[in-house]
Undergrad: 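Got a structure for you, questions after.
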Amino acid sequence: MAQLVEDFHAVEPKDRLQLLLELSDELPSLPERYAGHLDQLEQVHECQSPLFLLVEVEPATDGGNAEDRTVRLFFDAPKEAPTTRGFAGILHEGLDGRSVAEVLAVPDDAPLRFGLADAVSPLRMRGMAAMLSRIKRQVRHKSML
């Protein structure tokens, strides 16, 4: 996530929204096993547009530590919601494939560190914070299984 924060601060504030929209376009589609099965994902009601997410924590290998397990993130948001998709894109880019420990170490105020507060509404910023909160909650729960 630190690299993404640097990327956002490397551009002028007026260009940060464009960077967010680029991440929106890069958000992967749901894998086939979840496509059409939004009931298996958690809806983030704080988002202004419908956004659903799911966390998978890969099984430990060779008796490894639970904190070393790999986190996989999946999101579903309509193409007509580029800001919401962009926030999901930031979280996917920054957290997917990281360890449980790395995901849980992300500061809760991370969404505020991208310098987007002047470009998007406080309600939208709250949506990204809610996404991160739900991701961390799911990671904590699923890493204990």
Side-chain angles (χ1 to χ4, degrees), residues 1-59 65-145:
M1 291 275 289
Q3 181 59 52
L4 281 171
V5 169
E6 284 182 36
D7 292 348
F8 272 85
H9 285 281
V11 299
E12 294 294 320
K14 63 181 176 56
D15 296 326
R16 291 179 187 153
L17 193 54
Q18 181 59 40
L19 187 54
L20 183 68
L21 296 178
E22 289 172 16
L23 285 165
S24 167
D25 291 337
E26 295 172 13
L27 184 66
S29 299
L30 285 175
E32 190 174 314
R33 68 185 179 275
Y34 296 125
H37 300 284
L38 293 181
D39 58 315
Q40 295 180 27
L41 285 74
E42 180 177 3
Q43 184 171 6
V44 181
H45 295 283
E46 292 86 348
C47 291
Q48 287 186 292
S49 301
L51 180 113
F52 296 83
L53 67 84
L54 179 74
V55 170
E56 289 181 353
V57 177
E58 294 181 352
N65 187 333
E67 290 188 344
D68 295 333
R69 294 168 64 187
T70 301
V71 173
R72 295 290 173 203
L73 300 177
F74 305 96
F75 295 92
D76 183 78
K79 296 273 187 199
E80 303 79 32
T83 303
T84 300
R85 286 181 60 84
F87 287 152
I90 287 173
L91 293 169
H92 187 270
E93 179 74 23
L95 302 177
D96 185 65
R98 304 291 188 257
S99 71
V100 165
E102 289 172 312
V103 171
L104 294 179
V106 172
D108 292 337
D109 70 346
L112 299 174
R113 297 179 182 197
F114 291 90
L116 291 166
D118 292 334
V120 298
S121 72
L123 281 175
R124 293 208 182 271
M125 293 302 300
R126 191 176 80 183
M128 185 178 180
M131 283 185 230
L132 177 60
S133 175
R134 282 179 169 73
I135 289 167
K136 290 171 74 172
R137 182 180 43 74
Q138 285 191 31
V139 166
R140 277 191 292 275
H141 173 74
K142 292 180 179 185
S143 65
M144 298 171 131
L145 299 178

Undergrad: Less than 4.5 Å apart, any side-chain heavy atom of Pro111 and any of Leu132?
TA: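 Yes, close enough: below the 4.5 Å cut-off.
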Undergrad: Give the minimum heavy-atom separation between Pro50 and Pro78, together with the two atoms involved.
TA: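 That closest heavy-atom pairing would be O-CD, 3.1 Å.
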Undergrad: Closest approach of Phe74 and Leu41, non-hydrogen atoms and distance?
TA: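 In terms of heavy atoms, the two residues are closest at O-CD2, 4.4 Å.
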Undergrad: To the nearest 0.5 Å, tell me how far Leu23 CG sits from Ile90 CD1.
TA: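 It comes to 6.0 Å.
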Undergrad: Would you say that Phe114 contacts Met1 through its side chain, given a criterion of any heavy-atom pair below 4.5 Å between the two side chains?
TA: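 The answer is yes, as the side chains (C-beta and beyond) meet within the 4.5 Å cut-off.
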Undergrad: Output the distance between atom CG (Asp76) and atom OG1 (Thr84), rounded to the nearest 0.5 Å.
TA: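 Taking CG in Asp76 and OG1 in Thr84, the distance rounds to 11.5 Å.
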Undergrad: Where the side chain of Glu102 meets the backbone of Ser99, is there a donor-acceptor pair that is under 3.5 Å apart?
TA: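 Yes.
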Undergrad: Check Ala88 against Leu51 and note the closest heavy-atom contact, atom names and distance.
TA: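 The answer is CB-CD1, 3.9 Å.
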Undergrad: Is there a side-chain contact between Leu54 and Leu30 (heavy atoms, below 4.5 Å)?
TA: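 No. Closest side-chain heavy atoms not under 4.5 Å.
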Undergrad: Can you tell me if Gln138 uses its side chain to pair, donor with acceptor, with the backbone of Val55 under 3.5 Å?
TA: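 Side chain of Gln138 to backbone of Val55, a donor-acceptor pair under 3.5 Å: yes, one is there.
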Undergrad: What are the two closest non-hydrogen atoms of Ser121 and Gln48, and how far apart are they?
TA: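 Smallest interatomic distance, heavy atoms only, reads OG-OE1, 3.8 Å.
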Undergrad: So do Val120 and Leu17 actually touch side chain to side chain, heavy atoms under 4.5 Å?
TA: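 With C-beta onward as the side chain, the pair touches.
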Undergrad: Could you check if a side-chain atom of Asn65 sits within less than 4.5 angstrom of a side-chain atom of Val100, using non-hydrogen atoms only?
TA: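 Not touching, per the 4.5 Å side-chain cut-off.
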Undergrad: Supply the atom-to-atom distance Arg98 CZ to Leu73 CG, rounded to the nearest 0.5 angstrom.
TA: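 Output value for this atom pair is 10.0 Å.
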Undergrad: Between the side chain of Arg16 and the main-chain N/O of Phe8, is any donor-acceptor distance below 3.5 Å?
TA: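 At least one qualifying donor-acceptor pair exists.
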Undergrad: Could you measure the distance from the CD atom of Gln43 to the CZ atom of Arg134? Nearest 0.5 Å is fine.
TA: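 With rounding to 0.5 Å, CD (Gln43) is 8.5 Å from CZ (Arg134).
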Undergrad: Which heavy-atom pair separates Gln40 from Arg33 by the least distance, and what is that distance?
TA: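 Heavy atoms of Gln40 and Arg33 come nearest at OE1-O, 4.2 Å.
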Undergrad: Would you say the side-chain atoms of Lys136 pair up with the backbone N or O of Val106, donor to acceptor, closer than 3.5 Å?
TA: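 Confirmed, Lys136 side chain pairs with Val106 backbone.
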Undergrad: Could you check if a side-chain atom of Leu116 sits within less than 4.5 angstrom of a side-chain atom of Phe87, using non-hydrogen atoms only?
TA: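 A side-chain contact exists here, since the closest heavy-atom pair is under 4.5 Å.
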Undergrad: Between Glu58 and Arg72 (salt bridge meaning N to carboxylate O under 4.0 Å), is one present in this structure?
TA: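 Yes, this pair counts.
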Undergrad: Locate the shortest heavy-atom distance separating Met131 from Cys47; write the atom from each residue and the value.
TA: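 Of all heavy-atom pairs spanning Met131 and Cys47, the closest is CE-SG, 3.6 Å.
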Undergrad: Test side-chain contact (heavy atoms from CB on, under 4.5 Å) on Lys79 and Arg85 and set out the steps.
TA: CA-CA 7 Å; Lys79 296 273 187 199; Arg85 286 181 60 84; 3.6 Å; yes
Undergrad: Quick check: do Val103 and Ile135 have side-chain heavy atoms less than 4.5 Å from each other?
TA: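 A side-chain contact exists here, since the closest heavy-atom pair is under 4.5 Å.
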Undergrad: For the residue pair Phe75 and Val44, establish whether any side-chain heavy-atom pair is separated by less than 4.5 Å.
TA: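 Answer no - side chains too far apart.
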Undergrad: Taking atom CG of Asp15 and atom CG of Leu21, what is their separation to the nearest 0.5 Å?
TA: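 Rounded to the nearest 0.5 Å, the CG-CG separation comes to 11.5 Å.
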